[in-house]
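Following: one structure in structure tokens, then a few remarks.
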Amino acid sequence: MVTAVVQGHCAPGFENVRAEFARNFAERGEVGASLAVTLDGEFVVDLWGGHADAARSRPWERDSLVNVYSTSKGMTALCAHLLADRGELDLDTPVAHYWPEFAQAGKADVPVRWLLSHRAGLIAPRTPLTTEDVYDWEKTCAVLAATEPWWQPGTAQGYHAVSFGFLVGEVVRRITGTSLGTFLRTEITEPLGADLYIGTPEAEHARCADLIPPGEGGGLQQIFPGMPEGPLTSLDVHPLAGVAVAMGHLPIGDVNSARCRSAEIPAANGNATAHGLATVYRALANGELVGPGTLAAMRALQSRDDEEDLVLSAAAPERLPFAWAAGYMLNSYGYFGPNRGAFGHGGAGGSLAFADPENRLSYAYTMNRFGGSTTGGDTRNLQLVEAVYAAEPLSGKA
């Protein structure tokens, strides 16, 4: 049993959340982590503990940043929705209106909405990119613009694991003239005082925690734990799962490098504190940042009833439906608590952040022991979320 000194505070009624957070270290193998929860605009949980590295030589601090993988997608989508709220972007306008080169290979009529809802069929280029290529924004976007979709856009959904950030990010860049990471910082995180980055400045690298790989396995099993071992071509799963994840997906060792921390890979390399993520989702839960119409559009269902995701469903023992909004995971399985109107995004490894506007609540968990999935169903979070909603101030609320 590994114990960790838990620091921070919980408001009265949330004491069991602190106990569950401590159990993540003692019983669930956590190494370093932070948890932040807001209710009615106030931080009712702000906890951290453990270590920022595998050697356990650096303590995890309240301001420890860590790569949150696909939890970054929620911040990337928010940039697009903020532009829509300002009238600078129409989600139903073709991408090519903002990014003319995108019209190649039969994509002239693909709307921005399909990029956000994983329906564009552009999970990766037809010719695989290398990790080096993924560090080259211009090259990656040019290749994606020229790519023929893997299915007829709009007819199916499939998780755009890495390409999502380049596709949405380039639309933001074409409209604003600045990179997505810069727009996120200047228009959202700095005004809110939220501690998170896509493209982390070198001056902040010293407080970045290292992601720690799992003891066994790797490859697709790290991203989709339900996927059996073996060559992709020999498995009874949809081959698009491998295509999406193999798009220059960054191995954990590279995620900890200075070049990765400084780069902008908006689907997969945001570095954040739990406090920072909860601060952004707090603004959404409390009706700030965007108007009510945009908030409704952010969490409106974009999937068909009981629709399989061609990428995520490939990892499941049974083909499962998966509900997407425009850039966000919907609360299909109750991972975000009892309110089915909650929305957010999880990340490979186990990070998770979401907003529950009806209860004026936000939640964020960041960690460095890689052990969860992109869908948010990680034991560490499931127990914490359950404890949050069982707290006295929330008890009985849906």
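The structure displayed is predicted, hence computed values, not measured ones.
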Is there a path of hydrophobic side-chain contacts, each under 4.5 Å between heavy atoms, that joins [X] and [Y]?
X      : Y      : result
Val290 : Leu192 : yes
Leu116 : Leu78  : yes
Val112 : Ile175 : yes
Tyr197 : Val66  : no
Val388 : Tyr333 : yes

Nearest-0.5 Å distance, [atom1] of residue [X] to [atom2] of residue [Y]:
X      : Y      : atom1 : atom2 : result
Thr200 : Arg261 : OG1   : CZ    : 8.0 Å
Leu352 : Met367 : CG    : CE    : 11.0 Å
Cys208 : Asp53  : SG    : CG    : 13.0 Å
Arg282 : Asp40  : CZ    : CG    : 11.5 Å
His275 : Leu47  : NE2   : CG    : 11.5 Å
Leu180 : Phe166 : CG    : CZ    : 11.0 Å

Verdict with supporting geometry, Arg174 and Glu101, side chain to side chain contact (heavy atoms under 4.5 Å, CB included) | CA-CA 11 Å; Arg174 294 297 178 113; Glu101 298 90 335; 3.0 Å; yes
[X] to [Y] - nearest heavy-atom pair and separation:
X      : Y      : answer
Ala108 : Ala96  : O-CB, 4.1 Å
Gly158 : Ile123 : O-CG2, 3.7 Å
Thr294 : Asp85  : OG1-OD1, 2.6 Å
Leu277 : Ala364 : CB-CB, 3.6 Å
Ala297 : Ala326 : O-CB, 4.1 Å

Verify whether the ring centers belonging to Phe21 and Phe25 lie closer than 6.0 Å.
-> yes
Run through Tyr328, Trp150, Phe164 and flag the one making a ring-ring contact (aromatic ring centres under 6.0 Å, His included) with His118.
-> Phe164
Option from Tyr363, Tyr69, Trp324 for which ring-ring contact (aromatic ring centres under 6.0 Å, His included) with His345 holds |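 One option only clears the test, and that one is Trp324.
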Any donor-acceptor pair under 3.5 Å linking the side chain of [X] with the backbone of [Y]?
X      : Y      : answer
Ser70  : Gly347 : no
Thr147 : Val143 : yes
Asn16  : Ala387 : no
His9   : Val44  : no
Ser72  : Gly270 : yes
Lys107 : Glu148 : no
Ser34  : Trp48  : no
Trp114 : Pro153 : no
Ser262 : Arg259 : no
Gln7   : Gly49  : no

Under the side chain to side chain contact (heavy atoms under 4.5 Å, CB included) rule, what do Ser163 and Leu144 come out as? Steps first, then yes or no, please.
-> CA-CA 8 Å; Ser163 60; Leu144 287 170; 4.2 Å; yes
Are there over 12 heavy-atom neighbours, none belonging to [X], within less than 6.0 Å of that residue's [atom1]?
X      : atom1 : result
Glu190 : CD    : yes
Glu15  : CD    : yes
Asp90  : CG    : yes

Lys/Arg-Asp/Glu bridge criterion (N-O < 4.0 Å) met for [X], [Y]:
X      : Y      : result
Lys139 : Glu132 : no
Asp195 : Arg207 : yes
Asp309 : Arg304 : no
Arg28  : Glu20  : yes
Arg86  : Glu187 : yes

Find out whether [X] and [Y] are in side-chain contact, i.e. whether some heavy atom of one side chain is under 4.5 Å from a heavy atom of the other.
X      : Y      : value
Leu39  : Pro393 : yes
Phe343 : Asn331 : no
Tyr281 : Asp356 : no
Phe102 : Val110 : yes
Trp60  : Thr366 : yes
Trp137 : Arg173 : yes
Val134 : Thr130 : no
Leu89  : His81  : no

Applying the side-chain hydrogen bond (donor to acceptor under 3.5 Å, both in side chains) test to Ser179, which of Glu264, Glu170, Arg185 qualifies?
-> Glu264
Check step by step if salt bridge (Lys or Arg N to Asp or Glu O under 4.0 Å) holds for Arg380 and Glu27.
-> CA-CA 10 Å; Arg380 292 166 291 181; Glu27 301 173 11; over 6 Å; no
Check against salt bridge (Lys or Arg N to Asp or Glu O under 4.0 Å), Glu358 and Arg299 = CA-CA 13 Å; Glu358 284 68 33; Arg299 52 179 175 156; 2.9 Å; yes
Kindly indicate, with the supporting measurements, whether the criterion side chain to side chain contact (heavy atoms under 4.5 Å, CB included) is fulfilled by Glu307 and Arg119.
-> CA-CA 12 Å; Glu307 185 174 16; Arg119 306 190 72 83; 3.0 Å; yes
If you measure only the distance, is there a donor-acceptor pair under 3.5 Å linking the side chains of Lys73 and Thr76?
->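 Looking only at side-chain atoms, Thr76 and Lys73 do not form any donor-acceptor pair under 3.5 Å.
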Given the rule in the side chain to side chain donor-acceptor pair (under 3.5 Å) test, do Tyr365 and Asn24 qualify, once you have shown the distances and angles that lead to the verdict?
-> CA-CA 12 Å; Tyr365 186 72; Asn24 276 0; 3.1 Å; yes
Check step by step if side chain to side chain contact (heavy atoms under 4.5 Å, CB included) holds for Leu330 and Phe336.
-> CA-CA 9 Å; Leu330 295 176; Phe336 305 163; over 6 Å; no
